[in-house]
Amino acid sequence: MNRRVPSRNRLRHGGSGGQQVVAPPRTAAAGAPASVGLQGAPYGVYQLPSQVLAGPFPGAALAVPQTADLFFVDQPFLPTVRQYVPVGRGRAMGPNGGAGGRLLAPGPTIHPTFWAVTVWAKELIRSPGQPVPNDAQLAGAIGRQVSYYKVRVQWNEYPSRLREILIDAGTAVDLAVGPTTNLFVDLMAPDPASADPRPPQYDDLRVDVYIVASAWATSVPIGHATGRFTQALYFPEASPPGPMRCVRIGDGARTLQVLGEAAGAPATAVWSPDNQDGSALPPIGGITINTGAGELGTDIVEIPQNAKSVCFESPADSLFTVVQGLEL
C-alpha cells in the first residue's frame, strides 16, 4: 500500500516536488555526515519541497527531480584561494535547507539506488561601484551561466562508507552517482580565512551566485561522472627563493593542463607525492612547459596516480590556472 508523506513548506523561489522510492526523509536534527578532507564549518542552504511515494521498485519510477536553489551574494572574489568550505545556513538566502543545512539532501532510499545529479549556476563578478543585484536580476539575464565556485557531491558507498567528489560548478555539472542509499550536494566557496596571494586588481571585486541542484533516482546509471577542477595561482614574488606552491590533485582527477598568461609562467611544474607547499619529499616527475612561439602553459597530460599534488615555481607577478579533468 502506498504511503504519501506531506511535502515541506514551499520556498519563495519556487520549484517542483517529486516522487521517489524512499525511506522517511532525513531531517536536520539527524545531522549530516562528517566532511571528508576539507576545512571549515558549513554556512547555509535551502532545499525545495519534494513528495515521496513508497513502493516496491527502488529507483524504478520516473519522477520529477528533487530540486533546490540558493542565492549567495556580495562575497569577495577569491579565485586563488585553495581551501573550500560548504555554504550553509546563515550566509545564503532562503528559509529552509536540506538535511544538516545542505544545498540538496534527498531522503535516503530503502535500497541502493543510482542518482542522476545536475548542478548549474549563474554568476556575476562586480566592480566596487556596481550595486548588488536582486534575486530576479541574478537568476535572469544579468547572471552568466558559469561559476568559479565548487560543488561537493557526497554519497554512502554501501553499507556506510562516505565518498565524495569536489568539482567545478563551471558551465554545468551532470553526473551519475551510486548505487547508494544517501546523496548530499553542497555549494563550496573559497575559505575567506585563507591567505593565498591574489593580483591587486582582484582586491575589491565582489561576486554573486545563484545555484540550482537537482537529483532523481534511476534504475541504472546515466553516463558517468566527469567534470573539471580549476584552481588559479598567483605569485607576487619570484620563486625560488620561496618554497614551491602546490595544488592538490582533485578527487577522481585523470588529466591536467596548466594555462599561463605570459611566457615562462610557470617556470617549473612537478608532481609531488605530498600535498604540502614546500614539501621535503623529492618530486616524482616533471611536466613540460611549452616554450614555443605563441605557446603558453602545457599540453594536456596524464596525472600519475601516486601524485597527491602538482607544484610550481614561477616568475614574479605571474598568474596562471591549473585545470584538472575528473572522471570516476
Side-chain angles (χ1 to χ4, degrees), residues 11-15 40 42-46 48 67-97 101 103-104 118-152 166-173 185-213 227-236 259-262 265 317-323:
L11 297 188
R12 61 191 177 92
H13 295 305
Y43 56 79
V45 283
Y46 309 97
L48 294 179
T67 302
D69 67 353
L70 65 83
F71 292 85
F72 188 52
V73 301
D74 202 23
Q75 301 300 306
F77 181 53
L78 303 171
T80 61
V81 169
R82 291 175 287 161
Q83 296 291 337
Y84 298 87
V85 291
V87 177
R89 289 190 181 94
R91 292 294 299 276
M93 298 169 61
N96 297 316
L103 170 58
L104 183 65
T118 296
V119 184
W120 56 271
K122 287 195 171 184
E123 184 177 271
L124 175 67
I125 299 173
R126 294 180 285 109
S127 62
Q130 290 181 273
V132 179
N134 62 38
D135 297 357
Q137 289 173 327
L138 184 57
I142 196 171
R144 297 294 304 274
Q145 193 170 310
V146 60
S147 177
Y148 90 107
Y149 283 109
K150 310 298 183 191
V151 174
R152 182 178 65 184
L166 187 64
I167 194 168
D168 293 336
T171 54
V173 177
V185 181
D186 291 299
L187 173 65
M188 304 293 288
D191 184 356
S194 175
D196 273 42
R198 56 179 172 169
Q201 59 267 35
Y202 287 3
D203 285 348
D204 296 322
L205 296 180
R206 310 295 289 182
V207 62
D208 313 296
V209 66
Y210 167 62
I211 188 163
V212 180
R228 300 291 182 269
F229 184 94
T230 302
Q231 178 66 60
L233 277 183
Y234 176 66
F235 283 75
L259 305 174
E261 65 167 357
D317 191 27
S318 60
L319 175 70
F320 55 90
T321 301
V322 182
V323 182

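No experiment lies behind these values; they were computed from the predicted model shown.
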How far does [atom1] of [X] sit from [atom2] of [Y], to the nearest 0.5 angstrom?
X: R198; Y: D203; atom1: CZ; atom2: CG; value: 5.0 Å
X: L259; Y: L319; atom1: CG; atom2: CG; value: 10.5 Å
X: D191; Y: Q83; atom1: CG; atom2: CD; value: 7.0 Å

- prompt: Quick one: salt bridge (charged side-chain N to carboxylate O under 4.0 Å, His left out) partners of K122, sequence neighbours excluded?
  reply: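 Result, salt bridge (charged side-chain N to carboxylate O under 4.0 Å, His left out) vs K122: none returned.
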
- request: Could I get the full list of salt bridge (charged side-chain N to carboxylate O under 4.0 Å, His left out) partners for D74, not counting sequence neighbours?
  value: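 Result, salt bridge (charged side-chain N to carboxylate O under 4.0 Å, His left out) vs D74: R126, R206.
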
Is there a donor-acceptor pair under 3.5 Å between the side chain of [X] and the backbone N or O of [Y]?
X: T80; Y: P197; result: yes
X: N134; Y: A136; result: yes
X: Q231; Y: P79; result: yes
X: Q137; Y: D135; result: no
X: E123; Y: V207; result: no
X: K150; Y: T230; result: yes

- prompt: Can you say whether the rings of F229 and Y84 are parallel (under 30°), tilted (30 to 60°) or perpendicular (over 60°)?
  reply: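 Because their plane-to-plane angle is over 60°, the rings of F229 and Y84 count as perpendicular.
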
Which heavy-atom pair separates [X] from [Y] by the least distance, and what is that distance?
X: Y148; Y: P76; result: OH-O, 3.7 Å
X: S127; Y: L205; result: CA-CD2, 3.9 Å
X: E261; Y: D317; result: OE2-O, 4.3 Å

Taking side chain as C-beta onward, heavy atoms only, is [X] less than 4.5 Å from [Y]?
X: V87; Y: L103; answer: no
X: Y234; Y: Y202; answer: no
X: I211; Y: Y149; answer: no
X: S194; Y: R82; answer: no
X: I167; Y: V119; answer: no

- request: For F71 and D208, run side chain to side chain contact (heavy atoms under 4.5 Å, CB included): C-alpha distance rounded to whole Å, both residues' side-chain angles, the deciding distance at 0.1 Å, then the answer.
  value: CA-CA 8 Å; F71 292 85; D208 313 296; over 6 Å; no

- request: Apply side chain to side chain donor-acceptor pair (under 3.5 Å) to Y210 and D69, showing your working.
  value: CA-CA 7 Å; Y210 167 62; D69 67 353; 3.0 Å; yes

field: Under-4.0 Å salt bridge between R228 and D168
entry: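 No, R228 and D168 are not salt-bridged.
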
